[in-house]
2 protein chains.
Amino acid sequence: MSKKKNKVVTIYDIANELNYSPSTISRALKNHKSIGKDTTKQIQETAKKLGYRPNSLAASLRNNRSNNIGILIARINRPFISSLISGVENSARAAGYNVLISQSDDNYKNEVANAKALYDSRVCGIVASLSMETKNADHFKQFLEQDIPVVFVDRVPSDLNSYRVIIDNYSAGYKATEHLIQQGCTRIAHFAGAQHLNIYKLRKNGYIDALKAHGITPDKELLIYMNTMSFEEGQEATSKLLNMKNPPDAIFSSNDTAAVSAIMQAKKQGVKIPEELAVIGFNDDPIASIVEPALSSISHPAMKMGELSTKRILEHADKKIEQGVSEITVLDTEVIVRASSLRKK
Amino acid sequence: MSKKKNKVVTIYDIANELNYSPSTISRALKNHKSIGKDTTKQIQETAKKLGYRPNSLAASLRNNRSNNIGILIARINRPFISSLISGVENSARAAGYNVLISQSDDNYKNEVANAKALYDSRVCGIVASLSMETKNADHFKQFLEQDIPVVFVDRVPSDLNSYRVIIDNYSAGYKATEHLIQQGCTRIAHFAGAQHLNIYKLRKNGYIDALKAHGITPDKELLIYMNTMSFEEGQEATSKLLNMKNPPDAIFSSNDTAAVSAIMQAKKQGVKIPEELAVIGFNDDPIASIVEPALSSISHPAMKMGELSTKRILEHADKKIEQGVSEITVLDTEVIVRASSLRKK
DNA sequence: AAAATAAAGGCAATCGGTTGCGTAAAATAT
DNA sequence: ATATTTTACGCAACCGATTGCCTTTATTTT
């Protein structure tokens with residue numbers, strides 16, 4: 001009994017058992033109308049009795065289309081991303097699809113390789129959020145050429161026409177800045193992310209326009225361009241800002257990590273939050289509610305974005321939407337006001 | 001040009017182009033020794049020229065084995081889990097495997113359904129961490145019967161023999177408790193998770209034995225059994241503990257969420273941390289470094305556990321390890337001391 | 001130079017469903 | 001009672017790569 005691998009039951013086994021042809025079995029199992037009611041019932045019962053499990057590989061091969069949705073993101077272990085994945089997974093599974101994940105670690109080459117791998121495994125659609133390094137989205141064309149839907153989420157390319165599920169980053173940046181203005185802040189700094197990623201560019205644009213709309217002239221010294229928006233970068237920038245002779249009275253950070261580091265750095269330097277420095281972040285990560293004072297932030301409907309992405313893919317398969325059409329879904333964000341920016345009560 | 005789906009290149013196309021048989025193409029592409037050097041080179045070049053991409057579905061069907069590793073966990077968007085997944089994904093991809101994820105939302109029925117789905121998609125191995133509700137692991141037997149390796153991680157079943165990648169929960173609980181004792185605490189409370197999950201049971205046992213070893217008699221009133229160890233449960237329990245006539249001077253929580261809520265609740269009630277209440281958590285989630293005072297915790301090598309899980313699966317495929325053999329990998333944990341438990345300096 | 005061995009490829013079955021087309025029997029229409 | 005339609009099911013090709021076995025040609029052995 002070295003190999004007690006139980007024999008796997010196939011439709012051929014059912015066919016033999018009942019003296020029907022495999023095609024009848026196949027059809028009966030999918031409730032095809034051309035098979036008699038009684039026959040269908042009998043076949044389905046026998047299938048269950050024998051412990052039949054469909055081999056989806058075979059079906060996928062024949063249909064040239066798997067039931068797998070691919071996810072291509074930068075890093076799994078980030079609150080926003082893991083919630084996004086969670087949303088994709090839930091809705092995909094509910095529809096009978098599996099989810100393949102791949103992470104690029106914010107590396108362009110990895111992203112290209114992962115796109116290849118997902119393509120080769122014949123995913124029926126892909127949900128993608130670009131790496132920090134990605135400036136060219138040609139590696140997604142292979143999917144479009146085969147009419148495999150690509151849904152870009154959050155970090156989307158500017159040069160490729162495809163589905164998008166995004167938030168209105170401009171408006172979010174505008175709202176965040178306006179909130180600070182309404183709290184009485186006038187010298188508002190901004191932590192901006194890499195500008196080739198439009199999410200960061202748009203947030204910055206919203207910031208600038210909000211300032212202007214309220215009669216504040218943007219000060220270049222208060223606009224900090226960052227690389228990865230890490231905790232360290234945030235600390236350093238905050239320290240620099242606070243040591244200016246005319247320091248800012250608020251910071252709008254494009255992510256929560258840097259915003260939290262700003263809070264911690266400010267406290268370390270004895271700067272009171274929000275009285276002397278109001279802070280608002282972006283994403284509404286769990287740490288936002290934990291840091292003290294609690295960090296105001298822009299909430300990002302991550303889970304929902306995942307669900308909508310799945311929906312786009314499934315719709316594409318159903319409707320046979322024409323190629324080249326790009327349907328863009330823009331979701332609302334919300335300003336979550338917490339203590340870190342609440343000057344007026 | 002309604003459908004400009006470019007024709008996909010197969011080995012047959014290459015065969016026609018070069019007047020070789022498909023079998024020769026197949027072998028040449030895998031550098032089979034029975035194909036001549038020159039021929040192999042020519043075929044590989046032509047394959048590249050034509051843009052050939054292997055159809056892994058076909059290969060998987062033929063080999064009755066996909067290159068997909070399945071992950072079955074409770075919730076993706078938890079720091080520990082997303083890091084675990086990250087570890088699995090990285091190492092799997094490096095070895096040319098894809099990763100399928102599924103989450104049960106801590107629901108037993110979902111877990112069973114997901115196990116089925118992963119089985120049906122012919123994963124070549126599975127990494128699983130049980131849901132809170134799971135008390136029976138029979139739904140994993142289908143894999144073992146087909147000699148598909150199952151690696152249980154973290155939340156492992158007690159009644160099924162398979163690979164395991166775990167930490168020494170008993171020792172971690174012991175160390176955490178001992179650390180509090182060394183800091184001068186004597187009335188140490190414990191937030192224990194659902195006891196049918198051995199991780200929580202073992203942590204609790206470590207806690208109790210550490211107390212005894214140091215001459216402290218465990219007090220039942222200080223041992224709080226929780227359900228999900230949520231923020232709310234932690235708050236409530238903390239409030240109850242602090243209102244006792246003889247309140248604890250320390251809390252060892254089986255997770256960080258509840259530990260953080262304990263800190264916040266204690267602060268709200270004016271209890272000083274760590275002077276009046278020392279706190280240590282478990283997992284070393286990101287929030288542990290953010291909360292104030294920073295939370296001491298037990299670090300859990302999540303990423304590494306993921307990598308080792310992948311390794312087990314790949315080894316299984318290579319070595320054709322006998323069935324029924326369970327190889328258990330136990331990893332070390334580390335006590336991360338931060339301000340929340342640092343009474344002696 | 002004859003025999004044995006090695007090298008290089010081809011044939012055809014196989015993995016397990018799926019599906020267009022065809023057909024026999026039953027039901028309905030005329 | 002005959003013609004027509006419907007119902008119920010089978011045949012066989014197909015999806016694309018893999019592989020055991022066989023054949024042919026080249027190389028080595030004796």
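Proteins get letters first, then strands, A, B, ... in listed order; numbering begins at 1 in each.
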Worksheet item: Is the backbone of A/Ser104 close enough, under 3.5 Å, to the side chain of A/Asn110 for a donor and an acceptor to pair up by distance?
Response: yes

Item to complete: Return the value, rounded to whole Å, for the distance between atom CD1 of A/Ile35 and atom P of D/dG10.
Response: 7 Å

Fill in: Nearest-Å distance for atom pair OH/C1', residues A/Tyr20 and D/dA8
9 Å

Fill in: Summary of protein contacts for nucleotides 16-26 of chain C, nucleotide by nucleotide, where a base hit scores B, a sugar-phosphate-only hit scores S (4.0 Å, heavy atoms)
BBBBBB-----

Worksheet item: Does A/Thr39 place a side-chain N or O at less than 4.0 Å from the phosphate oxygens OP1/OP2 of D/dC9?
Response: yes

Item to complete: Please check if the distance between the ring centroids of A/Tyr119 and A/Phe143 is under 6.0 Å.
Response: yes

Worksheet item: About how many Å separate CG of A/Asn107 and OG1 of A/Thr134, when rounded to the nearest 0.5 Å?
Response: 8.5 Å

Worksheet item: Starting at CG of A/Asn31 and ending at C1' of D/dT7, how long is that distance when rounded to a whole Å?
Response: 17 Å

Fill in: B/Thr329 versus B/Arg312, side-chain donor and acceptor atoms under 3.5 Å
yes

Practice prompt. Would you kindly give the CG-to-C1' distance between B/Leu18 and C/dA8, to the nearest whole Å?
Written response: 15 Å

Worksheet item: B/Leu29 has an atom CG; how far is it from atom P of D/dT19, in whole Å?
Response: 13 Å

Item to complete: For B/Ile25 and D/dT19, give me the distance from atom CD1 to atom P, rounded to whole Å.
Response: 16 Å

Worksheet item: So B/Arg65 and B/Asp147, salt bridge (charged side-chain N to carboxylate O under 4.0 Å, His left out) or not? Walk me through it.
Response: CA-CA 11 Å; B/Arg65 174 176 176 288; B/Asp147 196 30; over 6 Å; no

Worksheet item: Does the side chain of B/Leu72 reach to within under 4.5 Å of the side chain of B/Glu111, using non-hydrogen atoms?
Response: yes

Discussion item. I need the NZ-P distance between B/Lys33 and D/dT19, as an integer number of Å.
Written reply: 13 Å

Worksheet item: When the distance from CZ of B/Arg65 to P of D/dT19 is rounded to whole Å, what number comes out?
Response: 11 Å

Worksheet item: Base, sugar-phosphate, or nothing: which does A/Asp13 touch, judged by heavy atoms less than 4.0 Å apart?
Response: nothing

